[in-house]
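For reference, the structure is listed below as structure tokens.
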Protein chains: 2
Amino acid sequence: MKPSSPALKRPATLSDIARLAEVSTMTASRAINESGYVSDEVRRRVMKAANKLGYRPNMLARQLKGKKLNAIGILLPDIANPFASALVNGIKQVCDEQTFTTFIATSDRSVEEEQTSLQSFIDHRVDGLIVATHGTPRSDKVLQKIAQQKVPMVTIGHPVNSPGIDSVTANHYRGAFDAVQHLIKAGHRRIGFLGIAPGEGASLRRYQGYLAALEEAGIKPLEEYTAGPTESLAFSTQQDGYEALLQLAKLRRPPTAYFARNDYTALGAMHAARTLGLRIPDDIAIAGFDDIPLAAFAAPPLTTVSQPIDAQGQQAARFLLERIQNPALAPRSAMMECRLVVRKSSVAGR
Amino acid sequence: MKPSSPALKRPATLSDIARLAEVSTMTASRAINESGYVSDEVRRRVMKAANKLGYRPNMLARQLKGKKLNAIGILLPDIANPFASALVNGIKQVCDEQTFTTFIATSDRSVEEEQTSLQSFIDHRVDGLIVATHGTPRSDKVLQKIAQQKVPMVTIGHPVNSPGIDSVTANHYRGAFDAVQHLIKAGHRRIGFLGIAPGEGASLRRYQGYLAALEEAGIKPLEEYTAGPTESLAFSTQQDGYEALLQLAKLRRPPTAYFARNDYTALGAMHAARTLGLRIPDDIAIAGFDDIPLAAFAAPPLTTVSQPIDAQGQQAARFLLERIQNPALAPRSAMMECRLVVRKSSVAGR
DNA sequence: CACCTTTCAGTTAGCGTTACCACGCTATGG
DNA sequence: CCATAGCGTGGTAACGCTAACTGAAAGGTG
């Protein structure tokens, strides 16, 4: 006979514990939850029984009784996204302290997926949602619809103007502004923007920052200096950057510097430059955005803008947990500053 | 007065629907679930009511009644991991067909995190688990402990020898063998291994494949040709690759070719080579493993080994869903072949 | 027309948990 | 000595859902 049969095949319940500790179910519940009055002696007995049976409270039954699930959902556009990891870290740091579990789902950058994923979270009765998808008018509508179901919600990356939704965002405008200003100070006047098709940048804050920096320097922005994928407000890839730079380099008077919408695009552009035999940073300068881990290891290392991702995650989690405590809170928003990281890809000479 | 008040603050329940459709709760349940006998007329009435109230079944209450939750948990080592995305895609493809929801959690490469994340999934009563963490003896113990709780489970990436656990894995051994053989065929005899400290490769199949290829060619492996982080069976980074190559290049007779344990390590090594003024592939050849998206965009493009990640995810999901249907299944395992992708980093000349 | 089968709908109970109430017990104070 | 208050414990009901049963009506068969 084994010392103690490892476990029933069915997980232990409160009544199992109660039976073993020879108390009522209710007393067992109180002992486990440290609520109400329980004598030390009984509490010890219950704890011992719970331990022996490997008791784990059934969160589902708990939630059914109107308590919190102690779980939140995080919706990410894409798991390969370099932000994802840092963001989740920041969120988890805060959630762990309050013993909230975090579940992640992805939208694969499709609005349909976004909707079903969010609905799944709600169907499983998470206590709140952190949504880090990229903002498009259609996806905003989805979010507002979801928010109507009275689920506490925080967005990261783009504000949604809706009651009951908090937002956290980085100052993309300012970050782009700083990066382009840096290129201008390095002597460049012809600066291309990689990662979006001409005429589609109206809602892209990084593009607006680019324009503002040019304007401040008295440089008239040329539409032909913008290249990138159409119908992709959401993202832009290495391939896009590669093609965009090849395209702009063909101009009669091509840019001498490029600001890429994100680091992937910038890395693709660097590859294109090499293909064309252009030296970086001697022939052309390149700057990106996001400071992904590989940026520092590119050849040459990439000048870029670093977002305080971790901090955004933390702030979002704090907002959310507060809103779960008090759902009636007025919508709040926080904006965090970015930091320009100057590396070799943008400064000629040593 | 509004045309129709948007929604109660409390989500609609079956009894709400039943009341509105003037039937019993049970009949509403039958109509919604299409089980048992319900007349067409009543079914229509119920559906209409459900629609009007925006009814969504409470999965938690359902599970409590002994039904499936229709949700599985995926545990990933790290979200930034380039596999993660493809893996999740493969899993979702299969799960979507059967209307299973997928939730993701990360272990941050810590065994403690791994345990708490898995336990969280179980606490929330998911129907099954797909675990894609890297195998270490300690983590295997955790998995076995979890498996005792009778949760259907499939591992990806490393087999766990335990009843009730299926595994899916790629043939890392063979993939590494092919890559190293390729380097040998290109004329190299002094081939370094980057990504693990000397003497720690016993359980690393990629290292075993490397050794086997050398042996087959009659090359005696040198321990001093191995460099990388200690106590990191789990992973190796760009930084590790960078340092490892710098270290091996200092040898009196340094390797002329390097096989890196993964592409990140390889990219770090390429950076180190550039720092040293070594040309790739003319002075040294480099090959990696994993074929991450950036590998093709490195300078020069990186020779590497491509895993059938998507297929592994699909297979794992199929295993899991079968096991959820029939938990008594004997453990199964599947191994998928890798593919060598030859690019410029390994072949001198044009 | 008696009898069985199929269809349809309602009633009851229970999943695991906790809120609420009720009951005893002990200590305190008038 | 009885009222009152603070402890400690048990009983009951309910959260939203569905399995199992019960009952009734409709349809078919000989």
Side-chain angles (χ1 to χ4, degrees), chain A residues 7-47 49-50 53-71 122-127 149-150, chain B residues 7-47 49-50 53-71 122-127 149-150:
Chain A
L8 298 96
K9 66 170 145 199
R10 180 182 57 76
T13 71
L14 269 184
S15 352
D16 294 332
I17 294 176
R19 205 172 313 120
L20 187 61
E22 300 185 287
V23 293
S24 75
T25 317
M26 201 50 232
T27 304
S29 169
R30 274 190 289 254
I32 300 278
N33 296 300
E34 310 192 10
S35 68
Y37 298 112
V38 181
S39 68
D40 284 355
E41 201 267 325
V42 168
R43 168 168 288 122
R44 263 193 301 275
R45 239 165 54 216
V46 171
M47 286 311 190
L53 298 180
Y55 172 74
R56 300 243 96 209
N58 186 331
M59 306 304 274
L60 276 45
R62 232 182 224 179
Q63 203 282 344
L64 196 59
K65 269 300 283 184
K67 306 213 74 161
K68 282 179 311 178
L69 235 201
N70 264 277
I122 295 182
D123 287 351
H124 290 90
R125 298 296 195 271
V126 293
D127 300 314
Q149 301 183 39
K150 307 283 176 196
Chain B
L8 296 98
K9 65 170 144 199
R10 179 181 58 75
T13 72
L14 269 184
S15 356
D16 295 332
I17 293 177
R19 206 171 313 120
L20 187 62
E22 299 185 288
V23 294
S24 75
T25 318
M26 198 54 228
T27 303
S29 168
R30 275 191 287 253
I32 300 276
N33 294 300
E34 308 194 9
S35 69
Y37 296 111
V38 181
S39 68
D40 284 355
E41 200 268 324
V42 169
R43 169 167 288 123
R44 262 193 301 276
R45 241 165 52 216
V46 171
M47 287 309 190
L53 297 181
Y55 173 74
R56 298 244 96 207
N58 186 332
M59 307 302 275
L60 275 47
R62 237 183 221 176
Q63 203 280 347
L64 198 59
K65 262 304 276 188
K67 307 214 73 162
K68 284 179 311 183
L69 235 202
N70 265 280
I122 294 182
D123 287 351
H124 292 277
R125 298 296 195 272
V126 294
D127 300 314
Q149 302 183 39
K150 307 286 175 193

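What you see is a predicted model, and the numbers here were worked out from it, not measured in a lab.
Between A/E22 and A/R45, the shortest heavy-atom contact is O-NH2, 3.4 Å. Across every non-hydrogen atom of A/L20 and A/A49, the tightest pair is CD2-CB, 3.7 Å. Heavy-atom minimum distance, A/L64 versus B/A61: CD1-CB, 3.8 Å. Of all the heavy atoms in A/R125 and B/P57, the pair that sits closest is NH1-O, 4.2 Å. Of all non-hydrogen atoms in B/I32 and B/M47, the two that sit nearest each other are CA-CE, 4.2 Å.
Atom CG of B/N33 sits about 7.5 Å away from atom CG of B/L14, to the nearest 0.5 Å. Here the NE2-CE distance, from A/H124 to A/M59, works out to 14.5 Å after rounding to the nearest 0.5 Å.
In this structure, the CD1 atom of A/I17 is 16 Å from the P atom of D/dT9, given to the nearest Å. Rounded to an integer number of Å, the gap from CG of B/L69 to P of D/dC17 is 14 Å. Taking atom CG of A/D123 as the reference point, atom P of D/dC17 lies 11 Å away to the nearest angstrom. Between A/M59 atom CE and C/dC15 atom C1' the separation is 17 Å, expressed in whole Å. Rounded to whole Å, atom P of C/dG16 lies 8 Å from atom CG of A/D16. Following rounding to the nearest Å, B/R125 (CZ) and D/dG16 (P) show an atom-to-atom distance of 20 Å. Atoms CD (A/E34) and P (D/dG8) sit 14 Å apart, rounded to a whole Å. Between A/L14 atom CG and D/dG10 atom P there is a gap of 13 Å when expressed in whole angstrom units.
Annotation: proximity of residues 21-31 of chain B to DNA chain C (heavy atom, distance under 4.0 Å) is found for B/V23, B/S24, B/M26, B/T27, B/R30, numbered in ascending order. For the contact set between residues 37-44 of chain A and DNA chain C, defined by any heavy atom under 4.0 Å, there are no members.
The phosphate of C/dG16 has neither OP1 nor OP2 within less than 4.0 Å of any side-chain N or O from B/K65. Side-chain N/O atoms of A/K67 include none lying less than 4.0 angstrom from OP1 or OP2 on D/dC15. Contact annotation: A/N33 reaches the phosphate of C/dT18 (side-chain N/O to OP1 or OP2, under 4.0 Å). Look at B/R62 and you'll find a side-chain N or O under 4.0 angstrom from OP1 or OP2 of D/dT18.
B/S39 pairs by the side-chain hydrogen bond (donor to acceptor under 3.5 Å, both in side chains) definition with nothing, not counting sequence neighbours. Residues satisfying the side-chain hydrogen bond (donor to acceptor under 3.5 Å, both in side chains) test with B/R30, not counting sequence neighbours, are none.
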Taking Watson-Crick and G-U wobble contacts under 3.5 angstrom, with | marking pairs to another strand and [ ] crossing pairs, the secondary structure of DNA chain C is written ||||||||||||||||||||||||||||||
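Looking only at side-chain heavy atoms (C-beta outward), B/I17 and B/L53 come within less than 4.5 Å of each other. In this structure the side chain of B/T25 never reaches within 4.5 angstrom of the side chain of B/T13, judged on heavy atoms.
Counting only residues at least two apart or in different chains, salt bridge (Lys or Arg N to Asp or Glu O under 4.0 Å) contacts with residues 53-71 of chain A comprise A/R56-B/D123.
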